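FYI, the numbering just counts along the sequence from 1. Every value quoted in this text rests on a predicted model; they were computed, and no experiment measured them.
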Amino acid sequence: ALDATYQDFLAEHVRAHQALFLSATVDLEADASERALSNEALLARAYQGDLSPALVERLWAMGRYLNVVGSRAGGDPVHLTGLWNADYHPMWAIHLMNINMPMIHWHIMDGNMAEQMLPFFDLFDALIPGGRINAERLYGARGIYLNPIPCGPEDGLVKVNSPHLIHLPGINAWVAQHYWDYYQFTDDSTFLTERALPLMRESAHFYEDYLIENEDGFYDIIPSNSPENGPFGHDGKRIAGRHLPTQLNSTWEYAAIREMLVNLIAGAETAGVYTEELPTWKAMIEKLRPYGINAQGAAREWLHPDLFDNPGHRHMTHAYPLMPGMEINKEDSSPELFDAFVNIVNRRLEAGLEHHTGWSLMHSANLYARGGE
C-alpha cells in the first residue's frame with residue numbers, strides 16, 4: 001500500500017546516512033571475487049577456519065552501519081542490541097556502563113564520526129543532578145555517583161540495587177574517559193571547559209570523599225566491583241562457595257581513577273582553571289595502589305592479598321590500563337608490567353572458550369592489538 005518503490009526508500013536512506021558512513025573506510029586488499037560473495041558464503045568459510053579479509057571488511061562496515069542508523073546527534077545513544085533487531089522488546093536493549101556502552105562507542109572517534117558521540121555526552125550530562133543525589137544519599141559524599149545503568153525516562157537516580165551496579169565507584173572515571181577522548185580527537189576547547197572538566201571535577205570530589213587511606217599509605221576502594229566477576233580464595237575456589245558481587249580494591253577502578261585524575265590535571269592546567277585543587281589531585285594519584293602480578297604472570301584483578309583471580313570469566317575489566325586506557329603500553333611501561341597485562345587475555349583463553357561470548361572475544365582482540373599482536 002506504500003506509494004513508493006523500494007528504490008525510492010533506499011535513496012532516501014542513502015541521503016540520510018551515506019556521508020557519515022563514508023567518513024572513514026577500511027581496505028584490507030581483499031580479492032574482488034571474495035568481496036562479491038554473500039555474507040552466508042563468507043561466514044561458512046570462516047566457520048571452517050578460512051577468515052577472508054573481505055568478511056573482516058564487511059563486519060567492520062556492519063558495525064559502523066548499525067551505529068550510523070541507530071543514533072544521531074540530538075537523540076539517544078545507541079544501546080547494546082542496536083536499533084535493528086528481531087524483537088519489539090529485545091533482551092539487553094539498555095545502556096550499561098560496565099563494558100557494553102564503552103565498547104559500543106570505542107570505534108566512533110577512530111572512525112571519524114565525532115558527532116555520534118554527542119548523544120552519549122547529552123545523556124550523561126543529564127545524569128549529573130541525579131548523580132549528586134546518589135553520591136550524597138548512598139555514600140555521604142560530595143560530587144557525583146553516575147547511574148551505571150541509565151534507562152529512560154531518566155532522572156539520573158540509581159534505581160537498580162544489584163551490588164555490581166550500586167557498588168561501582170569507578171563509573172565516574174570510565175564515563176570521563178570518553179569525554180577526554182573526544183577532546184583529544186577534536187581539540188574542542190569549549191567542550192573541554194564547559195562539559196569535560198566540570199564532570200571530571202565533580203567525579204574527583206566524589207573520590208576525595210570515597211577513597212579510604214589505609215595505614216600502609218595507599219587508598220582502599222571499599223566497596224568496589226570488578227564487573228560481573230567475583231574473586232577466588234586461597235584454595236582456588238569461590239569464597240564461601242558463592243559469587244561475591246561486592247568486593248574491594250578492584251584493579252580497574254584504581255586504573256580508571258588514576259587515568260581520570262591525570263587527565264583532569266592536564267586539562268585544568270591547559271584551561272587555567274581549578275588551580276587551588278591541583279595539589280590535592282596530584283597527591284591523590286600518589287596514594288593509588290600500584291598494580292600487582294599473580295602467580296600465573298597476569299595482572300591481578302583485585303589488589304588485596306586474600307582475593308585471588310578467577311580466570312574462567314568473560315569480563316577482563318582489570319585490563320583497563322592496556323585497553324581502553326593507555327597507561328600501560330610497550331613503549332613506556334616496564335616489560336614485566338606490560339607482559340602481565342597482556343597475560344590477562346592469555347590466562348582467560350587458557351581457561352576455556354566456553355567462558356567467552358562474541359563480545360569478550362572482540363575485547364580480547366582489542367587487548368591483543370594493544371599488546372602488539
Side-chain angles (χ1 to χ4, degrees), residues 67 70-71 76-82 91-109 116-135 138-139 143-182 195-196 199-200 202-204 206-207 210 221 223-229 245-247 250-257 259-260 263 314-321 323-325 357 359-360 362-363 366:
N67 186 280
S71 177
D76 293 324
V78 67
H79 58 58
L80 189 55
T81 63
M91 185 67 172
W92 299 114
I94 56 175
H95 302 303
L96 181 55
M97 194 64 203
N98 76 350
I99 186 62
N100 303 310
M101 201 173 183
M103 195 173 194
I104 291 166
H105 288 81
W106 281 345
H107 70 105
I108 290 177
M109 298 306 299
Q116 293 296 89
M117 282 303 303
L118 297 179
F120 180 99
F121 303 132
D122 290 343
L123 173 63
F124 281 100
D125 282 356
L127 301 187
I128 290 175
R132 296 182 185 122
I133 297 173
N134 295 334
L138 291 174
Y139 295 113
I144 54 175
Y145 179 80
L146 293 170
N147 184 4
I149 185 168
C151 301
E154 186 52 62
D155 57 14
L157 300 179
V158 174
K159 302 181 181 71
V160 179
N161 64 357
S162 298
H164 74 290
L165 296 175
I166 207 167
H167 298 154
L168 195 68
I171 174 70
N172 296 339
W174 203 340
V175 171
Q177 185 196 58
H178 290 275
Y179 281 71
W180 181 256
D181 200 39
Y182 182 88
R195 303 186 75 169
L199 179 137
M200 296 164 76
E202 290 207 58
S203 298
F206 175 78
Y207 295 131
Y210 189 91
I221 305 178
S224 178
N225 182 270
S226 195
E228 305 199 28
N229 199 3
T246 299
Q247 303 131 28
S250 296
T251 292
W252 87 270
E253 295 190 302
Y254 286 102
I257 294 169
E259 174 191 68
M260 192 208 75
N263 294 340
R314 66 197 179 281
H315 278 258
M316 295 166 281
T317 316
H318 57 308
Y320 187 104
M323 169 73 198
T357 59
W359 73 260
S360 68
M362 287 308 303
H363 191 189
N366 277 277

(Q) Between S71 (side chain only) and D76 (backbone N and O only), is there a donor and an acceptor less than 3.5 Å apart? (A) yes

Q) Are any of the side-chain heavy atoms of H318 and N229 separated by less than 4.5 Å? A) no

Q.
Between L138 and I166, is there a side-chain heavy-atom distance shorter than 4.5 Å?
A. yes

Q.
Could you measure the distance from the CG atom of N100 to the CG atom of L80? Nearest 0.5 Å is fine.
A. 4.5 Å

Q.
Rounded to the nearest 0.5 Å, what separates atom CG in N98 from atom CD in E228?
A. 5.0 Å

Q: Compare every heavy atom of F206 with every heavy atom of A135, then report the nearest pair and how far apart it is.
A: CB-CD1, 3.8 Å

Q) Which distance, rounded to the nearest 0.5 Å, do you find between the CE of M316 and the CG of N366? A) 9.5 Å

Q: Decide yes or no on side-chain contact (heavy atoms from CB on, under 4.5 Å) for W174 and T317, but give the supporting numbers first.
A: CA-CA 11 Å; W174 203 340; T317 316; 3.8 Å; yes

Q.
If you define the side chain from C-beta out and look only at heavy atoms, does anything of S203 sit under 4.5 Å from L199?
A. yes

Q: Using modelled atom types only, decide if a donor and an acceptor are shared between the side chain of Q247 and the backbone of S226 within a distance under 3.5 Å.
A: yes

Q) Parallel, tilted or perpendicular: which fits the ring planes of W106 and H363, with parallel below 30° and perpendicular above 60°? A) tilted

**Q.** S224 side chain vs S250 backbone, donor-acceptor pair below 3.5 Å
**A.** yes

Q: Check for a donor-acceptor pair, side chain of N225 on one end and backbone N or O of P245 on the other, with a separation under 3.5 Å.
A: yes

Q) What orientation do Y139 and Y145 show, parallel under 30°, tilted 30 to 60°, or perpendicular over 60°? A) perpendicular

(Q) Please give me the minimum heavy-atom distance between P77 and H95, naming the atom from each residue. (A) O-CE1, 2.9 Å

Q | Test log, rule side-chain contact (heavy atoms from CB on, under 4.5 Å), inputs M101 and L123 | A | CA-CA 12 Å; M101 201 173 183; L123 173 63; 3.8 Å; yes

Q.
Would H107 and N67 count as a side-chain contact (heavy atoms from CB on, under 4.5 Å) here? Give the steps.
A. CA-CA 10 Å; H107 70 105; N67 186 280; 3.9 Å; yes

Q. Quick one: CG on D181 to CE on M109, what's the gap to the nearest 0.5 Å?
A. 6.5 Å

Q | Side chains of W359 and T357, donor plus acceptor under 3.5 Å | A | yes

Q: Identify the two heavy atoms, one from F121 and one from H178, that lie closest to each other, and give their separation to 0.1 Å.
A: CZ-O, 3.5 Å

Q. Judged by atom type as modelled, is there a donor-acceptor pair below 3.5 Å linking the side chain of Q177 to the main-chain atoms of P324?
A. yes

Q: Measure across T81 and M91 and return the closest heavy-atom pair with its distance rounded to 0.1 Å.
A: CG2-O, 3.0 Å

Q.
Treating N172 as the side-chain partner and I144 as the backbone partner, does any N or O pair qualify as donor plus acceptor under 3.5 Å?
A. yes

Q: Output the distance between atom CH2 (W180) and atom CE (M200), rounded to the nearest 0.5 Å.
A: 6.0 Å

Q: Answer yes or no: are there more than 12 heavy-atom neighbours, outside M103 itself, under 6.0 Å from its atom CE?
A: yes

Q.
Treating N147 as the side-chain partner and L157 as the backbone partner, does any N or O pair qualify as donor plus acceptor under 3.5 Å?
A. yes

(Q) Any side-chain to backbone donor/acceptor pair from Y320 onto E253? Under 3.5 Å, distance only. (A) no

Q) Would you say the side chain of P169 lies within less than 4.5 Å of the side chain of I221, judging by non-hydrogen atoms? A) yes

(Q) Assess the residue pair M97 and F124 against the criterion (side-chain contact (heavy atoms from CB on, under 4.5 Å)); give the C-alpha distance rounded to whole Å, side-chain angles, the decisive distance to 0.1 Å, and a yes or no. (A) CA-CA 11 Å; M97 194 64 203; F124 281 100; 4.1 Å; yes

Q.
For I94 versus H79, what's the shortest heavy-atom pair and its separation?
A. O-CB, 3.3 Å

**Q.** Exam field: side chain Y207 to backbone A173, donor-acceptor pair closer than 3.5 Å
**A.** yes

Q | Rounded distance (nearest 0.5 Å) linking atom CG of L127 with atom CG of N134 | A | 9.0 Å

